[in-house]
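These figures come from a predicted structure and were not determined experimentally.
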Amino acid sequence: MTIDLTNLRQKFREREYKLTPQRQIILQVFLDNRDKHLSAEDVHNIVRQQSNDIGLATVYRTLELLSDLDVLQKMDFGDGRSRYEINETSTPHHHHHLICLSCGEVREFEDDLLEELENVIAKKSNFTIVDHQVKFYGYCQECRKQRED
């Protein structure tokens with residue numbers, strides 16, 4: 001399902017939250033940057049260009065709310081900053097991430113190769129698995145070239 005402001009307004013109404021102008025601006029950042037994994041600081045830098053009255057604390061609170069509402073997916077890539085992306089999937093499994101240890105670039109990897117392994121683990125352990133996340137750490141093509149030079 002593709003998320004837009006109409007869907008988001010409905011989701012806010014269902015949960016009895018107000019979709020304030022500040023929240024709309026922050027949501028629009030994610031709608032305009034669907035392929036990015038943004039930190040609170042990244043979002044704040046973008047929204048400051050549109051509205052100087054949105055503070056970093058407002059951004060943090062809004063990101064936590066949007067994460068709680070499952071509008072955003074919150075991720076930790078091991079760099080000390082939470083990152084967020086718009087949650088447009090209706091399936092329980094999310095894509096995986098390739099993280100460059102040199103430049104910090106994050107790329108998405110769509111293939112879910114763990115489904116069979118997950119089924120084996122669930123059966124052997126008598127455990128119901130509802131989700132998993134995989135992060136691969138290494139070096140992107142550009143950084144590998146620089147390391148070889």
Exercise for the section: Could you check Glu64 against Tyr84 for side-chain hydrogen bond (donor to acceptor under 3.5 Å, both in side chains), going step by step and ending with a plain yes or no? Expected result: CA-CA 10 Å; Glu64 285 302 314; Tyr84 300 84; 2.9 Å; yes
Practice task
I would like to know whether Arg144 and Glu142 meet salt bridge (charged side-chain N to carboxylate O under 4.0 Å, His left out); could you show each step before the answer?
Solution key: CA-CA 5 Å; Arg144 265 197 342 264; Glu142 293 79 22; over 6 Å; no
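Crowding of Glu14 atom CD: a count of heavy atoms from other residues, nucleotides or ligands under 6.0 Å exceeding 12.
Side-chain contact between Asp42 and Arg83 is present, with at least one heavy-atom pair separated by less than 4.5 Å. Taking the side chain as every heavy atom from C-beta outward, His97 and Arg107 never approach each other to under 4.5 Å. Here the side chains of Glu85 and Met75 are in contact, with some heavy-atom distance below 4.5 Å. Residues Gln146 and Glu148 fail the side-chain proximity criterion, which asks for heavy atoms closer than 4.5 Å. Taking the side chain as every heavy atom from C-beta outward, Ile99 and Phe136 never approach each other to under 4.5 Å. Proximity of Asn33 to Val43: side-chain heavy atoms (C-beta onward) are nowhere separated by under 4.5 Å. Side-chain contact check for Leu65 versus Arg23: some heavy-atom pair is nearer than 4.5 Å. Put simply, the side chain of Phe12 reaches to within 4.5 Å of the side chain of Leu27, judged on heavy atoms.
Remark: Arg147 is positioned above the aromatic ring of Tyr139, its terminal NZ or CZ atom under 6.0 angstrom from the ring centre and at most 45 degrees off the axis.
Heavy atoms only, all atoms of each residue included: Val71 and Lys11 are closest at CG2-CD, 3.5 Å. Heavy-atom minimum distance, Cys140 versus Cys100: N-SG, 3.4 Å. Across Gln73 and Asn87, no two heavy atoms sit closer than the pair N-CB, 4.1 Å.
Under the side chain to side chain donor-acceptor pair (under 3.5 Å) criterion, Arg13 pairs with Gln10, not counting sequence neighbours. Every residue meeting the side chain to side chain donor-acceptor pair (under 3.5 Å) condition with Asp32, not counting sequence neighbours, appears here in chain and number order: Gln28.
In this structure, Lys135 contributes its side chain and Asp76 its backbone to a donor-acceptor pair below 3.5 Å.
Under the 4.5 Å side-chain heavy-atom criterion for Ile, Leu, Val, Met, Phe, Trp and Tyr, Leu117 and Ile129 are members of the same hydrophobic cluster.
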